[in-house]
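We count residues from 1, following the sequence as given. Keep in mind that this is a model prediction, so the values were computed, not measured.
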Amino acid sequence: MCGVKALLLENIHSEATRILVQRGYDVENRPGALTDDDLVAALEGVSYLGIRSRTQITREVLDAAPELKAVGAFCIGTNQIDLEAATEAGVAIFNAPYSNTRSVVELAIAEIICMARHLTDRNRDVHAGLWDKSAVGSHEIRGRSLGIVGYGNIGSQLSVVAESLGMRVYYYDIVDRLPLGNAKGVGSMEELFAMSETVSLHVDGRASNAGLIGAEEFSQMRPRTLFLNLCRGNVVDHDALYDNLKSRHLAGAAIDVYPTEPKEKGEPLVSKLQGLDNVILTPHIGGSTVEAQVDIGRYVAGKMADYESYGATSMCVNLPEVPGASSQNHRIVHLHHNVPGVMARLNNLLATHNMNILSQTLSTRGQLGYAVTDVSGEVPADLLTELEALEETLRVRMM
């Protein structure tokens with residue numbers, strides 16, 4: 001293990017470095033995202049890469065980094081990674097689908113309350129020495145309706161917390177999901193908008209979600225709706241959002257994500273929403289709590305380390321999932337094209353070298369197969385070369 005190099009970008013929490021160093025990695029940290037050419041240069045000799053949401057892992061980057069074994073996305077989304085290219089290259093992708101869920105939910109709740117009570121306006125006034133102790137336009141969220149677009153990990157937990165505060169919750173999802181508590185699913189976004197006083201988006205970054213909310217969708221929302229987007233910047237048409245905020249069709253909005261975001265701290269954000277008095281703008285901090293970042297750092301770093309040490313791919317985004325555990329024997333991990341006869345050829349090759357198979361786990365996923373095999377017996381020096389020469393082999397390692 002000693003000498004395996006990992007590169008962590010974008011201010012990933014130090015918990016990730018602690019775990020990887022403890023497991024024997026040589027870890028380099030860099031504060032910001034890297035563009036293609038700089039990223040390719042930085043990946044020389046790197047086996048494991050850690051990123052957040054701003055670094056783009058393209059096919060060109062993957063083609064130029066043959067030593068790369070895995071990428072850890074220290075966040076929820078993986079749309080910044082070309083998953084098809086990573087799969088073809090046999091590069092494992094890990095993410096943290098659950099670790100920052102609560103942090104995003106708490107920010108959403110806080111912003112709903114801030115908008116309902118006009119807290120940002122009152123804060124600004126008092127800082128300017130103005131005293132306007134008035135209840136006009138200020139409301140409780142209890143008894144009000146919340147419409148959630150996307151009822152996955154975050155949307156469903158937001159549902160539970162909002163209901164505990166007395167909100168009536170409706171949701172829409174393209175997948176038929178079981179409601180939690182008293183939440184009610186609806187059949188379309190148009191139906192959801194018609195019954196919701198607050199709308200919150202919690203969809204993923206798949207290509208089909210780009211431009212999900214535009215002028216037509218805003219027109220379907222009730223007058224004076226509160227609108228939140230804490231998921232992906234490209235799912236909302238910001239020109240249409242601006243128009244509906246200026247006209248006061250929307251009473252307010254809270255935006256944490258943007259179509260184009262700065263690469264690193266200190267770079268300016270440019271958005272036409274800046275300066276509007278009925279908008280809360282935050283710098284993509286939905287999951288940016290100490291608790292969430294510690295959990296993410298621990299989780300993703302642990303997944304990468306287990307992949308290196310044991311060949312484990314549990315919760316891997318793109319490769320077949322095989323659990324891993326420590327072994328006192330020789331272990332062969334073999335990623336291959338999922339075609340008939342490949343396991344027979346693998347095992348016959350081991351048999352020709354008088355190697356006894358102690359245990360073997362195989363998992364397939366689409367066109368890929370992944371086998372973890374523990375063997376006893378003396379390992380011949382040319383075994384890896386012979387395994388690599390199998391026509392079906394994508395990647396093979398021995399530990």
Side-chain angles (χ1 to χ4, degrees), residues 53 73 75-84 86-87 93-109 112 145-164 167-214 216-218 220-221 225 227-237 256-257 286-287 292 296 299 303 313-321 363-368:
S53 58
C75 52
I76 294 177
T78 56
N79 55 297
Q80 72 277 39
I81 303 169
D82 187 329
L83 293 179
E84 181 179 353
T87 303
I93 307 297
F94 298 97
N95 69 334
Y98 309 113
S99 296
N100 68 0
T101 298
R102 182 67 182 200
S103 295
V104 178
V105 168
E106 289 190 3
L107 180 61
I109 291 292
I112 292 170
S145 56
L146 170 64
I148 299 172
V149 180
Y151 203 65
N153 301 323
I154 294 174
S156 58
Q157 188 167 144
L158 174 61
S159 168
V160 172
V161 176
E163 187 178 325
S164 73
M167 300 191 80
R168 292 177 288 110
V169 179
Y170 306 95
Y171 69 90
Y172 168 76
D173 200 299
I174 59 174
V175 177
D176 186 13
R177 298 188 185 273
L178 182 69
L180 301 181
N182 294 312
K184 296 180 180 179
V186 301
S188 68
M189 285 198 298
E190 184 174 2
E191 184 181 354
L192 183 79
F193 298 153
M195 57 180 50
S196 302
E197 295 161 290
T198 297
V199 173
S200 191
L201 305 185
H202 299 284
V203 301
D204 62 29
R206 70 186 68 183
S208 59
N209 283 334
L212 181 69
I213 306 296
E216 181 178 354
E217 288 72 28
F218 285 124
Q220 295 167 357
M221 295 181 190
T225 292
F227 176 77
L228 296 90
N229 183 20
L230 283 73
C231 59
R232 295 290 183 273
N234 68 343
V235 304
V236 176
D237 180 340
D256 188 50
V257 289
I296 290 171
Y299 182 86
K303 289 297 182 185
T313 53
S314 296
M315 298 297 291
C316 184
V317 173
N318 64 323
L319 301 186
E321 293 191 40
S363 180
T364 61
R365 185 173 184 169
Q367 301 302 310
L368 292 182

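Contact of the Val235 side chain with the Ile213 side chain is not registered, since no non-hydrogen atoms from C-beta on lie closer than 4.5 Å. By the 4.5 Å heavy-atom criterion applied to side chains, Val186 and Ser188 are not counted as neighbours.
Remark: Ser363 pairs with no residue by the side chain to side chain donor-acceptor pair (under 3.5 Å) rule, at least two apart or across chains. Listed by chain and number, the residues in a salt bridge (Lys or Arg N to Asp or Glu O under 4.0 Å) with Glu197 are Arg144, Arg168 (sequence neighbours excluded). Partners of Glu191 by salt bridge (Lys or Arg N to Asp or Glu O under 4.0 Å), not counting sequence neighbours: none found.
Around the CD atom of Glu321, the shell of radius 6.0 Å holds more than 12 heavy atoms that belong to other residues, nucleotides or ligands.
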Ignoring hydrogens and angles, write down the donor-acceptor pairs under 3.5 Å from the side chains of residues 198-206, residues two or more places apart or on other chains.
residue: Ser200; atom: OG; partner: His202; partner atom: NE2; Å: 2.7
residue: Asp204; atom: OD1; partner: Arg206; partner atom: N; Å: 3.2
residue: Asp204; atom: OD1; partner: Arg206; partner atom: NE; Å: 2.8
residue: Asp204; atom: OD1; partner: Asn209; partner atom: ND2; Å: 3.0
residue: Asp204; atom: OD2; partner: Arg206; partner atom: NE; Å: 3.1
residue: Asp204; atom: OD2; partner: Arg206; partner atom: NH2; Å: 2.7

Report, one line per pair, each donor and acceptor closer than 3.5 Å where one atom sits in a side chain of residues 175-183; sequence neighbours left out.
residue: Arg177; atom: NE; partner: Asp173; partner atom: OD2; Å: 3.1
residue: Asn182; atom: ND2; partner: Glu163; partner atom: OE2; Å: 2.9

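Summarising the geometry, atom CD1 belonging to Ile154 is positioned 11.0 Å from atom CD1 belonging to Ile148; distances are rounded to the nearest 0.5 Å. The CD1 atom of Ile112 sits 5.0 Å away from atom CE of Met167, with the distance rounded to the nearest 0.5 Å. Atoms CG and CG, on Leu146 and Leu158 in that order, are 5.5 Å from each other to the nearest 0.5 Å. Between atom CZ of residue Phe193 and atom CE of residue Met221 there is a gap of 4.0 Å, rounded to the nearest 0.5 Å. Between Asn318 atom CG and Ile93 atom CD1 the span is 5.0 Å, to the nearest 0.5 Å. For the atom pair Phe94 CZ and Thr78 OG1, the distance stands at 12.5 Å (nearest 0.5 Å).
When all heavy atoms are compared, the tightest approach of Thr225 to Ser196 is OG1-O, 3.8 Å. Between Ser99 and Ile296, the shortest heavy-atom distance links the atoms CB-CG1, 3.3 Å.
Side-chain rings of Phe227 and Phe218 approach one another, their centers coming within less than 6.0 Å.
The salt bridge (Lys or Arg N to Asp or Glu O under 4.0 Å) pairs that include a residue from residues 100-109 are Arg102-Glu106, where partners are two or more places apart or lie in different chains.
Side chains of Tyr151 and Ser159: a donor-acceptor N/O pair is present below 3.5 angstrom, by distance only.
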